[in-house]
Structures are given as structure tokens and as C-alpha cells.
2 protein chains.
Amino acid sequence: MSDTEQNRPNTQEKKRLALQAALGCFTQHGLAGTTIDMIREASGMSVGSLYHHFGNKEKIAAALYIQGLRNFGSLVKCYLSELPPHDKTAESGVKALVYANVDWISTEPDWARFVFHHRSLLSQDLLPKEKKEDKVQRELKGFSFDLVQWFTPHIVSGNLKTMPYELFSSAISGPTHDYARHWLAGRYNEPLLTYREEFADMAWQSVKGKKQS
Amino acid sequence: MSDTEQNRPNTQEKKRLALQAALGCFTQHGLAGTTIDMIREASGMSVGSLYHHFGNKEKIAAALYIQGLRNFGSLVKCYLSELPPHDKTAESGVKALVYANVDWISTEPDWARFVFHHRSLLSQDLLPKEKKEDKVQRELKGFSFDLVQWFTPHIVSGNLKTMPYELFSSAISGPTHDYARHWLAGRYNEPLLTYREEFADMAWQSVKGKKQS
DNA sequence: GCACAAACTAGAATATTATTCTAGTACTCA
DNA sequence: TGAGTACTAGAATAATATTCTAGTTTGTGC
């Protein structure tokens, strides 16, 4: 592995394609069920290259996981920042979060399935300790920091119920994610998208402050 | 594997202990990180015995997963049936579901962590197709059937909002599970149990019918 | 009590798969 | 153009899962 400095122009692109291929394998055979050889074949790279770029099988999965999170995170930011200036209300913000969730999961079901089923990849030792772990951690912290920043004024003003940030987060994304998990696993037939509004309402109902009805 | 007919008296007990040992390994090293040899050592059984009883590594995990679900399911039933006769209201029922979730996860964190992180084990080909798959599937269906049965009268009476069962289920357990996942992974410090009442209220708020305020 | 069958145990042998290693090739930059 | 480094390739090796063979125990019918 040599992520510290990739200089060659299309190396990032190749890594991206390799990850895409890996995602296909994982989707089809599960994490345990896919072999390096499958990924090698699907990606057209050699074993050596895969190991050069990612280090080992688990880190391929971890890279995929992180890229998924990033991808999702940028959609969230996008949805929040695209709210028209006159509509930056607590309700719109909360619903934007739900929409971002529903839409990302609906657009990238394979990626979402992978991310949902392998949360453990983050907590474990995916990265070479030291700097990089901090880097990703910091990125994630920064992400939730932005969210806190966005919503804090609405808590202060009483438009949102006062509760720990963790509860807030679980209230908003919990129901959507629960449904998504079942749908992605094929246990529910009705697409997540069907209930986009229901989940948005649900989220809003459970966090809105006492100021409004 | 020979699950079809275990006659020996303490064989079930041995399997149970082996699963317990396996859970310890999985908790400590993750599913991919634990080897058969670790389980062999932790359980005191031989490789041959493990394979005789479970078939392969994945099926050990699957057995653990299913036993976890069963275990949890019986707590749910217990909580619902122990409600005093005069208090079989929709609100008490909904809250009992949340309490069962919170309490089981808090009592068996390792088991819960395993179940949450490996939902995929059920959807895949853990069982020899034919009969047994049906058996577990039927058991799970039966379980949700019981729940539907319990709550249907309250939907009819208007104490509960009318919505698809799947939404109902996600609304009730989604937030709790979301928080639990983070807590079990060490990302949240405050124990799930702290917010037992909050999650119960949240669930009730999002499914209660229009009849009551 | 005794033979028979079947469940169960053990661990060596084998097969599969992950990972490392060595020898290159291709790009970048000075 | 030449030196250094990213990158590629695939054979060699190491780690691990799974199978196999040969027992040992236990319940059953007589």
C-alpha cells in the first residue's frame, strides 16, 4: 500500500473502478463469500496491484465503506444547502435529512446494503493507526459537526425538542434505516421510496419542539 | 451435520456452550477474524465435532444468529403477555416492545452486537434449503403474526395510526436500534438503557392514532 | 449382558484462499 | 535521457477452512 502519495493521473480512477468491481462481488456473494480472485477477475487487475493499492481484503471493504459514507455525506450537505433561503426552517432541515437518506439508498441500493451490513468495518482496525485513522475520524466528526451547527439555532429557538444529539440522530434516521435494511435484504417488497413522505413526517413528529402544534 | 435427530442427552447443551464460546471469539476478533481453531480452543471441542454439529463456519454464525433472535423473541412475548389485564392498551403494548428491545440489548450486548452486525446471515443460504429453511422462516413469520394479532384490535379501534405493518415496525424499533448500533460499537458513550423512556415515548408518539391527543 | 447402529469425537490430510515476494514495466521529473 | 518511484504481474508461500478415516461412546432391541 502506498496511499500516502499517488502521483499517477489515472490511478485514483483505477482504484475507483476496482472498488466498483469489488462491490459487485460483495453484493453477489457476500463479504466472506468473495475471494480476492473474484475481485481480480472482475476488476481486471492483478493480485499484486490489488494488494499494492489496498493492502488486504478487509481494507478493500473498508475503502468501499468509507467512500460510501462520503458519497452519502455529500448528498446530505447538498440537500441542506439547496434549501431556498426563505425555507431554512427546522422542519425543512429535518425532512431534507430524511430525503437524503431515502434518495441515496434508493439510488445506490448495492452500496447502501454494503454499508448497512458492514458498519463493523469502521470500528475495527481498518487503517494503519496513526494519521489516517485520525483523518477519517476527523472527517466524520467534521460532518456531524456541520449538522450540529445547522440545527443548533433551531433547538435554541424551541422549534426542535431539546435532546442529546445522539437521540436526535437516531430519531431521524432510525425508522428509515430500519425499513431500508429489510427492503435491501428482500424481506420487504414495497420500495423504500414509496414511504418517503411518511418517514419524513415521522421524523419531524418525533423531534419537533413544543412551539408548533 | 446431523441436526435432524440429536438423541444424546447433553448434545444440545454442548452445542449451546460451543455457540457461547464462538460468540466470545466473534466479539473479540470479528467474524472474519476468528478462525475455526480459535473456536475449537475456546469451546474445548475438536474440529471434527464442530463440523459434525454445525457444518461450517458460516453455519456456526447462523446458528448463533438464530438463537439470538429466538431469545429476543421470547422476551418480547413475555413482556407483552405480562401486561396486567387492565392495561393491555395500545400504548402499553407499544412501549412493552420498546422495553423488550432496550432490555434485551442491554442484558446481552455481545449477542445483540453480533445480531445487528450480521443480519445478512439470515438472508443467505445458511440452511440446507428444503425443510429447515421453511422451519425458521415459519417461526419468524409466526412471531410477527403474533404481533400483528396483538395490535390489530388497536388499529381497528383507532388507538393506533393506520399504516402498513412494516412501517409500524420500523417506527417502533428503528430509533432504538439505531442508537443501540452506535452504542454497541463504542461510538456513543451513554448506555442505551439511559434513554429507555425516551425511546418508548418516541415510539408511541409516532404510531398513536388520532383518537388521543 | 451383548451385539448392532448411529451419534459423536479426534486429529491428520487435503483443498482453498489470503498474502507476500521477486522481478519486472511505465511513468514523472530533473 | 536517466534515476527514482509508482505500479503491475503472477509464482511461491502461509494461513485457514473443510474433508476424511478411524476410532469411541451411547442408546436399543434382544
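Please read all numbers here as calculations on a predicted model, not as lab measurements. Throughout, a chain's letter reflects where its sequence line sits, starting with A, and its residues are numbered from 1.
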When the distance from CD of B:Glu13 to P of C:dC8 is rounded to whole Å, what number comes out?
14 Å

Centroid-centroid distance, B:Phe168 to B:Phe151, less than 6.0 Å:
yes

Which atom pair, heavy atoms only, marks the closest approach of B:Leu147 to B:Tyr165?
CD1-OH, 3.8 Å

B:Ser46 side chain near C:dT9 phosphate (N/O to OP1/OP2, under 4.0 Å)
no

Angle class for the A:Phe199/A:Tyr195 ring planes (parallel below 30°, perpendicular above 60°, tilted otherwise)?
perpendicular

Atom pairs, N/O to N/O, protein against nucleotides 16-19 of chain C, distance under 3.5 Å?
from   : atom 1 : to      : atom 2 : distance (Å)
C:dA18 : OP1    : A:Lys57 : NZ     : 3.0
C:dA18 : OP2    : A:Ile36 : N      : 2.8
C:dT19 : OP2    : A:Tyr51 : OH     : 2.8
C:dT19 : OP2    : A:Lys57 : N      : 3.1
C:dT19 : O5'    : A:Tyr51 : OH     : 3.4

Nucleotide C:dA10, atom C1' - distance to CZ of B:Arg40 in whole Å
11 Å

Can you tell me the distance, in whole Å, between the CD atom of B:Glu41 and the P atom of C:dG11?
13 Å

Is it true that the side chains of A:Glu198 and A:Tyr179 contain a donor and an acceptor less than 3.5 Å apart?
no

Rounded to whole Å, the NE2-C1' distance (A:His53 to D:dA9) equals 12 Å

Please state whether the phosphate of D:dT8, meaning OP1 or OP2, lies under 4.0 angstrom from any side-chain nitrogen or oxygen of A:His52.
no

Steps toward side-chain contact (heavy atoms from CB on, under 4.5 Å) verdict (A:Val148, A:Asp146)
CA-CA 5 Å; A:Val148 171; A:Asp146 290 347; over 6 Å; no

What is the separation between atom CG on B:Asn10 and atom C1' on D:dT25, rounded to the nearest whole Å?
11 Å

With respect to the phosphate group of C:dA7, does any side-chain polar atom (N or O) of B:Thr11 fall under 4.0 Å of OP1 or OP2?
no

Between D:dT16 (P) and B:Leu31 (CG): distance, integer Å:
14 Å

Would you indicate, yes or no, if C:dT9 has its OP1 or OP2 atom less than 4.0 angstrom from a side-chain nitrogen or oxygen of B:Lys14?
yes

Strictly below 4.0 Å, N to O, side chains only: are A:Asp178 and A:Arg181 in salt-bridge contact?
no

